[in-house]
Protein chains: 2
Amino acid sequence: MAKLVYSFSEGNKDMKPLLGGKGANLAEMNSLGIPVPPGFIITTEACRQYYENRNVFSAKLKQEVLTHLEEIEKKLGRKLGDNYNPLLVSIRSGAAVSMPGMMDTILNLGLNDQSVLGLAKSSGNERFAYDSYRRFIQMFSNVVLGLDHSAFEKILHELKSEKGYEQDTEMTAEDLKALVESYKDEVKNSSGSEFPQDPHEQLWRSIEAVFKSWNNNRAKEYRKIHNISGLFGTAVTIQSMVFGNLGDTSGTGVCFTRNPSTGENIFFGEYLKNSQGEDVVAGIRTPKPIKELEKDMPEIYKKLVAIKDNLESHYKDMQDIEFTIQEGKLYILQTRSGKRAGIAAVRIAVEMAEEGLIDEKQALLRVEPNSLNQLLHKRIDPAEIKNREPSASGLPASPGAAVGRIVFTAEDAFEWAEKGENVILVRTETSPEDIKGMNAAQGILTLRGGMTSHAAVVARGMGKCAIVGCSDLTIDEKAKVLKSAKPAKALKEGDWLSLDGSSGKVYFEKLNVSEPELSDDFSKIMGWAKEYKKLGVRANADSPKDAETARGFGAEGIGLCRTEHMFFEGDRIKAMREMIVSDTREGRKKALDKLLPMQRKDFVGLFESMQGLPVTIRLLDPPLHEFLPKEEIDIAEIAKELAIQPQELKEKINSLEEVNPMLGFRGCRLLINFPEIAEMQTQAIIEAACIAKKKSGAEVEPEIMIPLIGHVNELKWLKEVIRKTVESVLKEQKISLSYKIGTMIEVPRAVLVSDKIAEHSEFFSFGTNDLTQMTFGFSRDDFGKFLPQYLDQQILEEDPFKSIDQEGVGKLVEMSVALGRKTSPKLKIGICGEHGGDPKSVEFCHKAGLDYVSCSPYRIPIAILSAAQAALKNPIKPENK
Amino acid sequence: MAKLVYSFSEGNKDMKPLLGGKGANLAEMNSLGIPVPPGFIITTEACRQYYENRNVFSAKLKQEVLTHLEEIEKKLGRKLGDNYNPLLVSIRSGAAVSMPGMMDTILNLGLNDQSVLGLAKSSGNERFAYDSYRRFIQMFSNVVLGLDHSAFEKILHELKSEKGYEQDTEMTAEDLKALVESYKDEVKNSSGSEFPQDPHEQLWRSIEAVFKSWNNNRAKEYRKIHNISGLFGTAVTIQSMVFGNLGDTSGTGVCFTRNPSTGENIFFGEYLKNSQGEDVVAGIRTPKPIKELEKDMPEIYKKLVAIKDNLESHYKDMQDIEFTIQEGKLYILQTRSGKRAGIAAVRIAVEMAEEGLIDEKQALLRVEPNSLNQLLHKRIDPAEIKNREPSASGLPASPGAAVGRIVFTAEDAFEWAEKGENVILVRTETSPEDIKGMNAAQGILTLRGGMTSHAAVVARGMGKCAIVGCSDLTIDEKAKVLKSAKPAKALKEGDWLSLDGSSGKVYFEKLNVSEPELSDDFSKIMGWAKEYKKLGVRANADSPKDAETARGFGAEGIGLCRTEHMFFEGDRIKAMREMIVSDTREGRKKALDKLLPMQRKDFVGLFESMQGLPVTIRLLDPPLHEFLPKEEIDIAEIAKELAIQPQELKEKINSLEEVNPMLGFRGCRLLINFPEIAEMQTQAIIEAACIAKKKSGAEVEPEIMIPLIGHVNELKWLKEVIRKTVESVLKEQKISLSYKIGTMIEVPRAVLVSDKIAEHSEFFSFGTNDLTQMTFGFSRDDFGKFLPQYLDQQILEEDPFKSIDQEGVGKLVEMSVALGRKTSPKLKIGICGEHGGDPKSVEFCHKAGLDYVSCSPYRIPIAILSAAQAALKNPIKPENK
């Protein structure tokens, strides 16, 4: 029968499944000759057997634990519970996969009313001994006995206020002795039993508590949510205690082998003489730079530098190392790969690859794609917000930072910006009418809407910071005042506001912002990523400016141009409205004729900036009422402009009103009722392509995309209209041109009949925003009302508009790909929903056999890196590809 | 090689695939010794060969046609194109399956400038001869030469006005001669060639035209839409002409073997002496009852009676027979199964079964389920609307008829009705607040909404006539006026209005209405249907009254009780509103406590009326804002009632407002955020079940249904809440009770994870209304804007809210059944969407392996009959069952 307990010398870093992450790394360090306090590990297998054996420890386990304990006792010349020279140990859980929040830890185990005296004597520090004891009682009571922290906190608080102490450190040994007695009374009162004095009872009850924590609801739920399965239980690491608070030759610290903020290859860390880890964490004392250690204890420092070099080259990654110095002796308590800022991740990966420590593939896998956001956007100076409470929080819809003065209307945003003011546009929600103002603002804050609301989508497209769905705040539109509830505060027009679009935090003050800077390292990572990725990466871009930005970031075409965004400026919106109020085809055509040259010009710009790369242009998608005014005063003005009676305009607006616009008269439904719109747009696209081709001589690849197809007959009908228009333009222009006509797949029904649709469509592009809305039945504008509860209750693991819901929406994507390629094996398939820029979703798209993803310009680098990682993690493409 | 042409004596009624429906029946009659004018049939196979042979007639076909033609000529002693005794023939298309609208017919073929003289002479009737000739020219020109009717109509019109004639019959032989000349000129001018004088050319060009009509776009589209495949082409029947307009010993008529309106087994028909079929159809002369024939020509009448008896007993179905008497000789021109009114269909089927002519199964298949609507509802006196133009048309949302005075608000409807007035409630659209008024009205008319809009669903549930989406009309709410555009007319409050809910027609006047009457025959048919059907049939019923009605019609339980409808009366809506405006769980519970006894009482009523049959109760589904007022004045009043400030209520209303309520905060989402609602409703259901069980001693089977589940975690979470409440009530009541907790399947995502959901759900009930909305992305409240265009353009064959979209939504249903039964093989599965009462959808549900359908009470008989027909047509149930 296999061993159930391993000493550190018997394990190594690859034994995480058996020894847990923490234990395996301790064993590894031990093998490397790095000084770790002696200890041993109870395996995950022992935990499994404990459960199988109806929660009873086997004789074998008991025996092995005692044997290993004796070994440590012998090595250290201390004994658990010894009255003179007691051994104190820590008990820590540790599964194969990190499960933060379920880890239970007990320190200083082995103390009792007798051994505390021994510790006081052996350490020569009575205060230290009783402080350790009282901490142990509290931890044990909480973790093992299940008693509440707060009772102990209350006793401590009473003692301090009685004595007039501010800090824990003011307590004397006598105070702590009294505290220990009060703590023990509390244990007896609450649990009905005395605090256990037998160190072996303490030990076994602690082991049992850790075993049981594996199957508490929190841990089970965590594993379910994170799809952690196939694990049997948690390992338990038992290790002798070391103390950094035994005088000036002691200390404790945390260090990183490279700078985790910048990535610079210099030794980085903090250290505090005569202290415990807790002191640092609790912020009671301020740690000093690691350099101080060199001054204080040059020998130790030298050793530490040697160890960190050893660990980094051994683990081939930047390490986060915890150490303690006890009376002139250095111990390493933990090593693990260190968390790092985005800019640091890139620099470390590139430099390690250049140093030959890792190869390019490893380097690519070392950078969390979303962390690139920090490189691409402005951010609020981290020092400014370190200890600052935000005034409100919303959804982090578009990363970056913005600081400016509040305005409440798009018009004001534009006017103030014209005058040189930095402004933040604050709205209940935005609509397409607000685009001009959004463009002029530094950032956008809305009170309603989700991650794919209008404000969110548009802001991401513009690369502009936005926070949406910030329901903590209220707006008094008349008074032009923005109010927060907790703390109650009100800002009026012109007051300063700061937004952190990456965290969703809103600050009612003016903070400092730092500019983004793209390093050479970033370019190198991008270069490598392009080599390894299999997916194409295109941009969702609605204007030549967006297209330029996207091209700069490496976009390989445009996957989605939303033509409606072109209709909101100046004369265009007027012509659009003229069209809408026309009751005849002739009237509509007359208005559309005015729009034609403007659209054509935009498209020429797009084609030129894409230099021959494919450009997918979606025909008009939103319902017409989005183009009409809502307020009485605007109606009057626009009626005048259109030379009709306000009443007539009002009636038109009423007749277009919809109960559920999302499921209403839009997309191909609109185009089938008003084919002249499709004709005008097609004409503009093809004429623009002809112009661009003639100008540059290079090929131009327009892809005309029809939105909201649900039935193959819709597609066939519109395709005929479009095809006829294309052919007539090409005939007139006397030019040949390769073009495609394809469809969005965004209505669930389209998925179900993808085989039929593929017979008539030259490409598919998944509109996963709408597909998610309809598959879940979640309106993206409204689901902010119940999403928080859903996330709290873990009904949903994640916002499905942020990362694709693989179980549901993903199943539809896979079904559509399979059906589509069944009738059209070479069908080109992409995704143009917001998910196209989400790393997990990109990996899903890779696995589903898509040809490309398309995302907003500022997410292009993230998509490229994600695509490379997906290819590296999933080297064999699925068969349907 | 097989024959390509059959004489009538060579065919029979079972040869429809080869000879077409018309030809096969003519051949059958010929074999029965019934006098039909001699003729022959070109087979569908000949048509196929013609297409295969690149549109060229084979020598074999030419030869066979000529041979058969000569046979007729010999038999009749007339010759095609003969100058003295010309043979005239009719050419008719006829496929195996009736394809109305693509049938081309040419009469009087064989006439030319010479033979017309022969016809004049041989008939002794010059006027008749030229009239026949001019009709032939017009028909041939249209069908064969593709010339437009209107040119000929214009010439005719000019001639008549020149002469001052009102009627065609006033034209003299000379007039008609002139007309023939003008027609021939028109042919020459329009087609560039003379009108063909050679009768054989006329014949072959006509045959070719009929062959070609098989593959015109209209016919191809028709076959595609009706899923007609596997047919090769059309047959062509060529038959000698007979004339009923050759004097007083001639005549023409149509008769039915039984009364097609009442089903009574008496000879029924109409006849007109000295006339042609066209005269009757055109309404120029009024035909007389068939009894006149007995008086006019007793011998002929006797023969006709013998023939009709023969045909009915031969075909074993009521026959629709066309006959012509030419100079004292009777000819039968056509026989086919006759169309009949619903009441007649039932009576005929039952009586024929009782006569032993057919068996019960055949009888069941003889009644079109939807035709039962005529038996179950009032209807407008058919004589009243025969020649009356409706003032407007909308969607026929709920059958029946209603006549009453117009009111524009639910309050007025209620008040006027209290005073004894019959009223029609006219609204732009209805909302749950209007229920009381809808209940008080005779009928409901809305200007917006589709077949499953609120007004439609509620009206069907009440068995009340409703027309919805009547966009031809406009309402001026302030002035209380209803306006129609064409003809322009306005009705004010109190004016009379009549609705025909079965056709969707609206009449701006007071018409007569006849009451429904359920016959013994109806009960018999229902009894037989129950024996043969496999599907259970339940009712969607929200009140004890609905439940009683449904039970009376044979419902086997309640498949859907929408509890929200119980919240709209008197004190209930007040308590509901109190709950909504509460900001705390305690406040909500206090308000819910007031609702508890009312809900409990309703449920007791439901359980009692269902006498132990299963009752499925759906927990609260609609968004909360549906319960709050919309108008400023109501807000003020209700704020007062609730003892809060109007501003506070307004803010609450604003905060609940949604962009897309259909996809918003409703169903299980609401229940998860406010579990106290689920708790109260569960408590009411289970307490009511306990009361009903104690009272009656019989078993009670409550089935608690959770709406809008999309993720298994939603179900698990709520099931736990419900289960706990149930157990606590049962413990308190000291009673045991079998109950089920199940889910609606109405969100596409639920379909995709049905395997997981089935592990936690004791039944599935498809909510195909919402499933259709989300699968298509069609808001049922809004899609009236584009549906007409979709139906016109044949993009959709049918309104998918009326009959289930089998290709898309149906695929989801099948997928869900398969996945659900994979993890839970005995899972009980039903449907409670509006489709549960649609015959085609019921057949689909049978084939998909569902256990039951549930529909509104007044559709129960239709569902029962449909289920029986489905079982008879699909005797073997699918394997997954």
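Heavy-atom basis, side chains included; hydrogens, waters and symmetry copies ignored. Protein chains get the first letters and strands the later ones, always in sequence-line order, with residue 1 at the start of each.
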**OP:** Run the salt-bridge test on A:Glu807 and B:Arg749 with the 4.0 Å N-O cut-off and return the result as yes or no.
**Re:** yes
Original post:
For A:Asp770, is it the side chain, the backbone, both, or neither that has a heavy atom closer than 4.5 Å to a heavy atom of chain B?
Top reply: neither
Original post:
Side chain, backbone, both or neither: which part of A:Ser471 has a heavy atom under 4.5 Å from chain B?
Top reply: neither
Original post:
B:Val659, B:Leu447, B:Leu656, B:Leu812: which one forms the most heavy-atom pairs within less than 4.5 Å of chain A?
Top reply: B:Val659
Subject >> For chain A, the option from B:Gly710, B:Ser779, B:Gly808 that forms the most heavy-atom pairs under 4.5 Å >> reply: B:Ser779
**OP:** For residues A:Arg585 and A:Pro675, determine if any side-chain heavy atom of one lies less than 4.5 Å from a side-chain heavy atom of the other.
**Re:** yes
Original post:
Do B:Asn654 and B:Glu657 come within less than 4.5 Å of each other through their side chains, counting heavy atoms only?
Top reply: yes
Original post:
So which of A:Leu708, A:Asp782, A:Asp805 has the largest heavy-atom pair count under 4.5 angstrom toward chain B?
Top reply: A:Asp782
**OP:** Heavy-atom distances under 4.5 Å only: say whether A:Glu429 touches chain B with side chain, backbone, both or neither.
**Re:** side chain
**OP:** Verify the ring-centre separation between B:Tyr790 and B:Phe783: is it less than 6.0 angstrom?
**Re:** no
Subject >> Most chain A-contacting option - heavy-atom pairs closer than 4.5 Å, from B:Asn660, B:Thr428, B:Thr775 >> reply: B:Asn660
Original post:
Relative to chain A, which segment of B:Lys785 carries a heavy atom at a distance below 4.5 Å: side chain, backbone, both, or neither?
Top reply: both
**OP:** Before giving the answer on salt bridge (charged side-chain N to carboxylate O under 4.0 Å, His left out), spell out for A:Asp781 and A:Arg448 the whole-Å C-alpha distance, their side-chain angles and the decisive distance to 0.1 Å.
**Re:** CA-CA 7 Å; A:Asp781 296 307; A:Arg448 289 213 199 134; over 6 Å; no
Original post:
Are A:Leu796 and A:Phe776 close enough, and set up right, to give a side chain to side chain contact (heavy atoms under 4.5 Å, CB included), and what steps lead you there?
Top reply: CA-CA 11 Å; A:Leu796 289 180; A:Phe776 271 96; 4.1 Å; yes
Original post:
Would you say A:Val747 and A:Ile709 make side-chain contact, with heavy atoms under 4.5 Å?
Top reply: no
Original post:
Contact part of B:Asp792 toward chain A, heavy-atom cut-off under 4.5 Å: side chain, backbone, both or neither?
Top reply: neither
Original post:
Given side chains that start at C-beta, do those of B:Lys652 and B:Asp583 come closer than 4.5 Å, heavy atoms only?
Top reply: yes
**OP:** Output the distance between atom CG (A:Leu663) and atom CE (A:Met774), rounded to the nearest 0.5 Å.
**Re:** 6.0 Å
**OP:** With a 4.5 Å cut-off on heavy-atom pairs, point out which of B:His711, B:Arg669, B:Lys811 contacts chain A the most.
**Re:** B:Arg669
Subject >> Choice from A:Gly667, A:Gly664, A:Pro661, A:Gly777 maximising heavy atom contacts with chain B below 4.5 Å >> reply: A:Gly777
Subject >> chain A contact via B:Ser655 - which portion, at a heavy-atom distance below 4.5 Å >> reply: backbone
Original post:
Given the options B:Leu670, B:Thr474, B:Asn673, B:Val809, which has more heavy-atom pairs under 4.5 Å with chain A than any of the others?
Top reply: B:Asn673
